[in-house]
Enquirer: 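Below you will find the structure I want to go over with you.
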Amino acid sequence: MNTFGLDALETEIPHLRRYARALTRDASRADDLVQDCLERGISRSQQFTAGTNLRSWLFTIMHNVHIDNCRKQKRRGETVPVEDWQAGMAVEARQDWIMELRDFLNCFNQLKADERHILKLIAIDGLQYEEVAERLGIATGTVKSRLFRARRKLRELEMDASSHRPGDRDVSAARELLAPM
């Protein structure tokens, strides 16, 4: 075809589609590329030189549009669907944990000093019963019984505190820390 006109453009569309699919390897992107090529060709129809090959002129436009799109894509980077992106951005609220920790510390501080000390040595510092007994100068059995009483008292304080607060928050993380080994 050597003349420019809408009828001439229409006859070139199957050839443009075939070339676009070869360039993009994706039917949807190929259709977009054909549309962009036709749009640019029509808007710049005054630049077409009569007597030249319309198909090669349109192929040149398509090639240039494709290169422009590739460069844009490279600058933008990989696209990720919003749903996939949002899934990785979700962060759990920390208020519950902080409130549970505050409640646990309140209960822990209500214990007698020797009960707090034995719980700290075993549950927090991770010492063995024998090490605590040696450090405090008491029998291992005494350490175990004091620890049992301290844990029981702490559980009672936590149950009492949880019955007085709205929402009945679970302090299981603190309980796990102080559970018998």
Side-chain angles (χ1 to χ4, degrees), residues 1-109 119-120 123-126 154-155 157-159 161-179 181:
M1 285 277 185
N2 296 333
T3 60
F4 187 87
L6 295 180
D7 291 336
L9 280 178
E10 192 174 337
T11 60
E12 296 299 329
I13 290 176
H15 303 288
L16 292 172
R17 279 198 175 134
R18 205 171 15 248
Y19 184 49
R21 287 191 184 185
L23 287 173
T24 62
R25 296 188 180 107
D26 178 23
S28 176
R29 288 179 47 212
D31 289 341
D32 292 342
L33 184 58
V34 169
Q35 182 176 346
D36 291 344
C37 173
L38 291 172
E39 179 184 328
R40 191 174 286 185
I42 291 170
S43 68
R44 293 176 174 85
S45 61
Q46 71 279 3
Q47 295 178 0
F48 178 70
T49 306
T52 59
N53 190 336
L54 178 61
R55 184 179 300 168
S56 65
W57 184 70
L58 290 171
F59 278 9
T60 301
I61 290 174
M62 180 175 287
H63 178 77
N64 291 338
V65 169
H66 176 66
I67 296 298
D68 290 347
N69 289 343
C70 289
R71 287 179 183 155
K72 284 179 192 174
Q73 181 64 33
K74 190 173 183 179
R75 278 194 308 267
R76 284 187 188 152
E78 185 177 338
T79 57
V80 177
V82 173
E83 297 81 22
D84 295 345
W85 179 75
Q86 285 177 337
M89 296 301 294
V91 177
E92 290 187 29
R94 297 176 47 120
Q95 296 92 339
D96 289 343
W97 169 247
I98 292 171
M99 291 169 57
E100 288 175 15
L101 182 60
R102 183 200 61 205
D103 292 346
F104 169 77
L105 288 175
N106 287 339
C107 293
F108 186 78
N109 288 331
L119 278 171
K120 180 189 170 297
I124 298 172
D125 294 343
L154 185 60
R155 260 188 241 107
L157 290 170
E158 287 178 337
M159 292 300 173
S162 69
S163 67
H164 289 63
R165 69 176 168 242
D168 191 28
R169 286 188 297 275
D170 182 23
V171 289
S172 59
R175 284 191 195 126
E176 288 176 15
L177 178 68
L178 299 172
M181 295 181 183

Enquirer: Would you be so kind as to tabulate the donor-acceptor pairs closer than 3.5 Å made by side chains of residues 24-40, with sequence neighbours excluded?
Expert:
unit_1: T24; atom_1: OG1; unit_2: A20; atom_2: O; d: 2.9
unit_1: T24; atom_1: OG1; unit_2: D26; atom_2: N; d: 3.4
unit_1: T24; atom_1: OG1; unit_2: D26; atom_2: O; d: 3.1

Enquirer: Check S43 against Q46 and note the closest heavy-atom contact, atom names and distance.
Expert: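 Looks like O-OE1, 3.4 Å.
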Enquirer: Return the CG to CG distance between L9 and L16, rounded to the nearest 0.5 Å.
Expert: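 The CG atom of L9 sits 8.0 Å away from the CG atom of L16.
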Enquirer: Tell me the closest heavy-atom pair linking E158 and F104, and the distance in Å.
Expert: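 Taking E158 first and F104 second, the nearest heavy atoms are OE2-CD1, 3.2 Å.
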Enquirer: So how far is it from L119 CG to D125 CG, rounded to the nearest 0.5 Å?
Expert: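 Going from CG on L119 over to CG on D125, the span is 11.0 Å.
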Enquirer: Taking only residues two or more places apart in sequence, or in another chain, which ones meet H15 in a side-chain hydrogen bond (donor to acceptor under 3.5 Å, both in side chains)?
Expert: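 Partners of H15 by the side-chain hydrogen bond (donor to acceptor under 3.5 Å, both in side chains) criterion, ordered by chain and then number, come out as R18, R55.
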Enquirer: CG of L101 to CG of N106: how many Å apart, nearest 0.5 Å?
Expert: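 With rounding to 0.5 Å, CG (L101) is 9.5 Å from CG (N106).
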Enquirer: Check whether more than 12 heavy atoms from other residues, nucleotides or ligands sit under 6.0 Å from atom CG of L6, and answer yes or no.
Expert: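 No, the 6.0 Å shell around CG holds no more than 12 heavy atoms from other groups.
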Enquirer: Do you know which two heavy atoms are closest between L54 and A8, and how far apart they sit?
Expert: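 It is CD2-CB, 3.6 Å.
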Enquirer: Under 4.5 Å between any side-chain heavy atoms of W57 and I61, yes or no?
Expert: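 Touching, per the 4.5 Å side-chain cut-off.
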Enquirer: Of all the heavy-atom pairs spanning F59 and Y19, show the shortest one and how long it is.
Expert: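 Shortest heavy-atom separation between F59 and Y19 comes out as O-CE2, 3.8 Å.
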Enquirer: Working to the nearest 0.5 angstrom, can you tell me the gap between Q73 CD and H66 NE2?
Expert: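 Output value for this atom pair is 11.0 Å.
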Enquirer: To the nearest 0.5 Å, tell me how far C107 SG sits from M159 CE.
Expert: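 Atom-to-atom, C107:SG and M159:CE are 10.5 Å apart.
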Enquirer: Under the salt bridge (charged side-chain N to carboxylate O under 4.0 Å, His left out) rule, what pairs show up with a residue in residues 57-67, not counting sequence neighbours?
Expert: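 Counting only pairs at least two positions apart or across chains, no salt bridge (charged side-chain N to carboxylate O under 4.0 Å, His left out) contact touches residues 57-67.
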